[in-house]
Amino acid sequence: MRPSYRKGLPQLDGGLFITDGGIETSLIFNDGLALPDFAAFHLLKSEEGIAALQRYFGAYAGIAARWHAGLILESPTWRASADWGERLGYSRRELIEANRGAIRLLEGFRKTGTVISGCVGPRGDGYQPTHVMSAEQARDYHREQIETFAGTVADMVSAITMNYIEEAIGIAQAAKDAGVPAAISFTVETDGRLPTGQPLGEAIEQVDAETRSYPSYYMLNCAHPQHFEKVLRGPWTARIRGLRANASRKSHAELNESAELDIGNPAELGGQYAELRQHLLPRLNVMGGCCGTDHRHVERIAAACAPLFRIAA
């Protein structure tokens, strides 16, 4: 098999596309699975783990079918880069095979309108800018994982929970080197800024300037809509197509300290996505979730947003 959409991502043409929620929190809190270092790819080592991942992605494939939406499947490889793999005892060869295996898993859900994305996570923490690199260092660090995805049927790569711009720039450059489209998703705080304090719009504009606008689009992750809606002003917002929000209004520090999962209100979250699409983000069409969200949230998001796309058509 070959990539279906690497030369033309269908989500760039508009239309509703759904993606998944917070895979790690869903598997840990809903399914009771152990994920060392939040590494969902570790489940590929057992038949039981593979079955759990198939159930997880199957739920989102069902939502896309019910709402006649496109589907973007993110591989469970957020932690499958060199440093994290070494912490988990993977050799370089084993880590490459894990990334390939994660894409093979998603091939079973492939049909027209399904985009397969290789998920790239940060070298450090997803909430805080730890192990900060230069753009060139980030390019070198993430190159092997991105090149591995380029050798599979993955249509694109998505860099999720980026919390400082140099890593985002390096990933975009590595994706360009490999000839793979890329989406960049930024972590934002309760003030709508990156964890470094940089304004979101400035971060998007700087990544575009440094990469000649290579990212196909940008996304936001790990924050409740009320945390960032107030900063969504300016021409740079047209570059945002994806949203992976939290249903919880808690800060990242509060979420880290919480012993229980805060799932918020799925119906309310769906309505907030629709409001953002109507009033602030006219190109928003990739809808998913982040920490604490699961198929219940994405179902309500699809229900709230699908009518907007029918009206637009």
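Positions are given from 1, in the same order as the sequence printed here.
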Between Arg92 and Glu144, is there a side-chain N and carboxylate O pair less than 4.0 Å apart?
-> yes

Between Thr211 and Ile169, is a side-chain contact (heavy atoms from CB on, under 4.5 Å) present by the stated rule, with each step listed?
-> CA-CA 7 Å; Thr211 65; Ile169 291 168; 4.0 Å; yes

Hey, what's the ring geometry for Phe57 with Phe109, parallel, tilted or perpendicular (30° and 60° as the breaks)?
-> tilted

When you look at CZ of Arg233, are more than 12 heavy atoms from neighbouring residues, nucleotides or ligands closer to it than 6.0 Å?
-> yes

Trace of the side-chain hydrogen bond (donor to acceptor under 3.5 Å, both in side chains) decision for Thr148 with Asn99 | CA-CA 7 Å; Thr148 298; Asn99 279 286; 5.6 Å; no

Side chains of Gln198 and Gln206: do they bring a donor and an acceptor to under 3.5 Å?
-> yes

Asn265 (side chain) donor-acceptor with Ala267 (main chain) under 3.5 angstrom | yes

Kindly say whether Ala39 contributes a backbone atom to a donor-acceptor pair with the side chain of Trp78 at under 3.5 angstrom?
-> no

Look at the side chain of Glu229 and the backbone N and O of Gln226, then say whether any donor-acceptor pair between them is shorter than 3.5 Å.
-> no

Any donor-acceptor pair under 3.5 Å linking the side chain of Arg277 with the backbone of Leu284?
-> yes

Supply the atom-to-atom distance Ser216 OG to Leu9 CG, rounded to the nearest 0.5 angstrom.
-> 5.0 Å

What is the minimum heavy-atom distance between Ala302 and Leu16, and which atoms define it?
-> O-CD2, 4.4 Å

Co-membership, hydrophobic cluster, residues Ile160 and Tyr164, 4.5 Å side-chain | no

Could you go through the side-chain contact (heavy atoms from CB on, under 4.5 Å) check for Arg123 and Met133 one step at a time?
-> CA-CA 9 Å; Arg123 186 175 189 176; Met133 299 175 283; 3.3 Å; yes

Within 6.0 angstrom of Arg283 CZ, more than 12 heavy atoms from elsewhere = no

Intermediate values then yes/no, side-chain contact (heavy atoms from CB on, under 4.5 Å), Leu27 and Leu53 | CA-CA 9 Å; Leu27 292 170; Leu53 289 170; 4.1 Å; yes

Return the minimal non-hydrogen interatomic distance between Gly113 and Tyr5, and the atom names on each side.
-> N-OH, 2.9 Å

Atom NZ of Lys176 and atom OH of Tyr214: how far apart are they, to the nearest 0.5 Å?
-> 8.0 Å

Distance in Å, Leu281 CG paired with Leu243 CG, rounded so as to fall on 0.5 Å steps = 7.5 Å

Check for a donor-acceptor pair, side chain of Arg239 on one end and backbone N or O of Pro215 on the other, with a separation under 3.5 Å.
-> yes

Arg110 side chain vs Val153 backbone, donor-acceptor pair below 3.5 Å = yes

Candidate pair Ser81 and Gln145, rule side-chain hydrogen bond (donor to acceptor under 3.5 Å, both in side chains), full reasoning | CA-CA 6 Å; Ser81 65; Gln145 187 180 23; 4.9 Å; no

Non-hydrogen side-chain atoms of Thr19 and Met287 separated by less than 4.5 Å = no

Any luck finding a side-chain donor-acceptor pair between Asp208 and Tyr218 under 3.5 Å?
-> yes

Can you name the closest pair of heavy atoms from Glu74 and Ser117 and give their distance?
-> OE1-OG, 3.0 Å

Heavy atoms, side chains only, cut-off 4.5 Å: are His297 and Glu268 in contact?
-> no

Under 4.5 Å between any side-chain heavy atoms of Met162 and Met219, yes or no?
-> no

Ring pair (Phe, Tyr, Trp, His ring centres under 6.0 Å) partners for Tyr90, two or more places apart | Phe41, His42

Would you confirm whether Tyr60, through its side chain, and His295, through its main-chain N or O, come within 3.5 Å as a donor-acceptor pair?
-> yes

Hey, are the side chains of Asp155 and Ser4 touching, using non-hydrogen atoms and a 4.5 Å cut-off?
-> yes

Where Ile146 and Ala174 come nearest, the two heavy atoms and their spacing | CD1-CB, 3.7 Å

Can you check whether Asp294 reaches Asn30 side chain to side chain, under 4.5 Å on heavy atoms?
-> yes

Just how far is it from atom CD of Gln11 to atom CG of Leu71, taken to the nearest 0.5 Å?
-> 10.5 Å

Do any N or O atoms from the side chain of Thr25 and from the backbone of Gly292 form a donor-acceptor pair under 3.5 angstrom?
-> yes

Report yes if the side chains of Cys119 and Ser158 come closer than 4.5 Å at any heavy-atom pair, otherwise no.
-> no

Is there a donor-acceptor contact under 3.5 Å from the side chain of Asn285 to the main chain of Gly15?
-> yes

Show your reasoning for whether salt bridge (Lys or Arg N to Asp or Glu O under 4.0 Å) applies to Asp177 and Arg139.
-> CA-CA 9 Å; Asp177 293 342; Arg139 186 181 195 170; 2.9 Å; yes

For Ile18 and Ala69 the tightest heavy-atom approach is CG2-CB, 4.3 Å

Would Val207 end up clustered with Val132 when hydrophobic side chains under 4.5 Å apart are linked, directly or stepwise?
-> no

Any side-chain heavy atom of Leu12 within less than 4.5 Å of one from Tyr217?
-> yes

Hey, any chance Phe38 and Leu105 share a hydrophobic cluster, counting ILVMFWY side chains that come within less than 4.5 Å of each other, even indirectly?
-> yes

If you round to the nearest 0.5 Å, how far is CG of Leu232 from CD1 of Ile240?
-> 5.5 Å

Within 6.0 angstrom of Arg87 CZ, more than 12 heavy atoms from elsewhere | no

Determine whether Leu220 and His227 make a side-chain contact, defined as any pair of heavy atoms from C-beta on separated by less than 4.5 Å.
-> no

Any pair counted as ring-ring contact (aromatic ring centres under 6.0 Å, His included), so long as it reaches residues 131-151, sequence neighbours left out = none

Are Leu276 and Phe186 connected, step by step, through hydrophobic side chains (Ile, Leu, Val, Met, Phe, Trp, Tyr) whose heavy atoms are closer than 4.5 Å?
-> yes

Does the distance from a Lys or Arg side-chain N to an Asp or Glu carboxylate O, for Arg244 and Asp20, drop under 4.0 Å?
-> yes

same_hphob_cluster(Leu280, Val188) at 4.5 Å side-chain heavy-atom cutoff | yes

Rounded to the nearest 0.5 Å, what separation is found between the OG1 atom of Thr130 and the CG atom of Asn163?
-> 7.0 Å

Considering all heavy atoms, the nearest Gly89-Glu94 contact | O-OE1, 3.8 Å

Would you check, one step at a time, whether the test side-chain contact (heavy atoms from CB on, under 4.5 Å) holds for Gln173 with Arg212?
-> CA-CA 10 Å; Gln173 291 170 335; Arg212 297 186 178 182; over 6 Å; no

Is a side-chain donor-acceptor pair under 3.5 Å present for Trp67 with Glu299?
-> yes

Under the salt bridge (Lys or Arg N to Asp or Glu O under 4.0 Å) criterion, do Lys230 and Asp191 qualify, and how do the steps go?
-> CA-CA 9 Å; Lys230 56 186 173 291; Asp191 59 1; over 6 Å; no

So, the side chain of Thr161 versus the backbone of Thr187: is there a donor-acceptor pair under 3.5 Å, distance only?
-> no

